[in-house]
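Both ligands and their constituent atoms are indexed starting at 1 by order of listing. Each residue takes its place number in the sequence, starting with 1. Keep in mind the model is a prediction, meaning the values are calculated, not measured.
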Amino acid sequence: KSSEVLYYHNPMWPGEGHSMKVKEILFNKKSKYQQVLVFESYSYGKVLALDDIVQLTEKDECAYQEMIAHLSLCSIPSPKKVLVIGGGDGGVLREISRHSSVESIDICEIDQMVIDVSKEFFPNLAVGFDDTRVQLHVDDAVKFLQQTPENTYDAIIIDSSDPIGPAQDLVEKPFFKTVASALKPGGVLCNQAESMWLHTHLIQDMLSVCLQVFKGSVQYAWTSVPTYPSGAIGFLLCSKDGPVDFLNPVNPLPFEAEKDLKFYNSQIHTAAFALPSFVKTELASM
Ligand SMILES: NCCCN[C@H]1CC[C@H](N)CC1
């Protein structure tokens, strides 16, 4: 890696690489779990990378954080108790806080260094931790959910990194069973679900597990995040028991909240579930 340009190659996207011109390296240390890197880029503002995988940039984080939070919370009548798995940068917390019905937000992030680094370098994301409804648990989500009573949360958002580091347990069936158990009746899960261009098999595996574990609806949605591999990232929206019409949200954001968003709006919400034909074919066979 020259000081000028950082190149990203990874078994998650073999055969291709991504590069960014670096203005300045701001932080680069190994935590208990992963290498934590922050740098100022020329074209996307500050960047957070974990084990050399871009997690977020100041320029395009809005697309991911707004979608993962509002696709789920706008789909249930009045979310009160919400759990975030991962998301230690605080961006998803910032979005959840826009829902006035929410009374409490638990967040379970395994790596304290991610939280500290976000507070130091990404104040516009770490602002999510300032909300008084937020309760932070620095813990392994597998353990946290095993200790969570049944029927606790209206919504669970899994804002995880890729399943090749500390997050690899978060795509297994036993884990999804603890998620379903922790959801209240009518509760929903929104899970980071990788790229439709790169990870068909991973998405099929997750979809097949979710179809077994969640008895209501399971829908794949996607958004555009230019600094993620293939420029697209998906979400799996699942409801615990009854069907949920994820495409036509029952609890749309009021104009007062939506006007502050940079990416999400009601048309984008519905459009996110429109899938290219090759994806429909690949997922239909599940
Ligand atoms: N809250 C930060 C987003 C974390 N989500 C992941 C980042 C890395 C991507 N390859 C997959 C999504």
Side-chain angles (χ1 to χ4, degrees), residues 6 8-14 16-18 20 31 33-38 44-72 82-97 105 107-111 113-119 121-129 134 136 141 156-168 170-171 189-200 202-203 206 220-236 262-264 272:
L6 273 178
Y8 290 101
H9 299 269
N10 193 288
M12 281 293 290
W13 44 89
E16 59 184 275
H18 311 275
M20 267 194 214
S31 77
Y33 302 96
Q34 53 209 336
Q35 187 71 25
V36 181
L37 169 68
V38 179
Y44 284 92
K46 288 196 194 76
V47 181
L48 170 66
L50 299 178
D51 285 344
D52 279 343
I53 297 179
V54 172
Q55 299 297 304
L56 62 96
T57 81
E58 285 180 314
K59 177 169 180 169
D60 65 5
E61 57 90 6
C62 58
Y64 178 89
Q65 323 279 7
E66 290 177 17
M67 292 295 273
I68 201 169
H70 304 312
L71 287 178
S72 40
V82 182
L83 169 62
V84 177
I85 303 293
D89 50 80
V92 183
L93 298 175
R94 176 195 69 207
E95 295 308 317
I96 295 167
S97 304
I105 310 168
I107 174 167
C108 181
E109 164 61 55
I110 198 166
D111 194 342
M113 190 182 278
V114 171
I115 299 165
D116 298 341
V117 153
S118 187
K119 289 182 175 176
F121 297 104
F122 298 94
N124 293 335
L125 285 97
V127 64
F129 286 102
V134 172
L136 170 63
I156 297 177
I157 295 170
I158 304 180
D159 172 20
S160 60
S161 47
D162 297 285
I164 51 169
Q168 63 193 27
L170 307 188
V171 294
L189 161 68
C190 186
N191 194 62
Q192 183 269 106
E194 299 297 357
S195 164
M196 62 190 182
W197 289 106
L198 303 173
H199 303 126
T200 302
L202 181 59
I203 297 168
M206 284 168 69
Y220 187 81
W222 63 287
T223 190
S224 148
V225 182
T227 54
Y228 286 169
S230 80
I233 189 87
F235 306 99
L236 263 181
K262 293 201 274 190
F263 190 91
Y264 176 93

Kindly write out the residues that satisfy salt bridge (charged side-chain N to carboxylate O under 4.0 Å, His left out) with E95, not counting sequence neighbours, or none if the list is empty. R98

How would you list, by chain and number, every residue that makes a salt bridge (charged side-chain N to carboxylate O under 4.0 Å, His left out) with E66, sequence neighbours excluded? none

Looking at every non-hydrogen atom in both residues, tell me the closest pair between V47 and F122 and how far apart they are. C-CZ, 3.7 Å

Which pair of non-hydrogen atoms, one from M67 and one from W222, has the smallest distance, and what is that distance? CE-O, 4.3 Å

Sequence neighbours excluded, the answer for side chain to side chain contact (heavy atoms under 4.5 Å, CB included) partners of E16 is W13, H18, L198

Please work out which of the three classes, parallel, tilted or perpendicular, describes the rings of Y64 and F235, given edges at 30° and 60°. tilted

I'd like the residue list for ligand 1, meaning every protein residue with a non-hydrogen atom under 4.0 Å from the ligand. I53, V54, Q55, Y64, Q65, D89, D159, S160, D162, Q192, Y228, I233

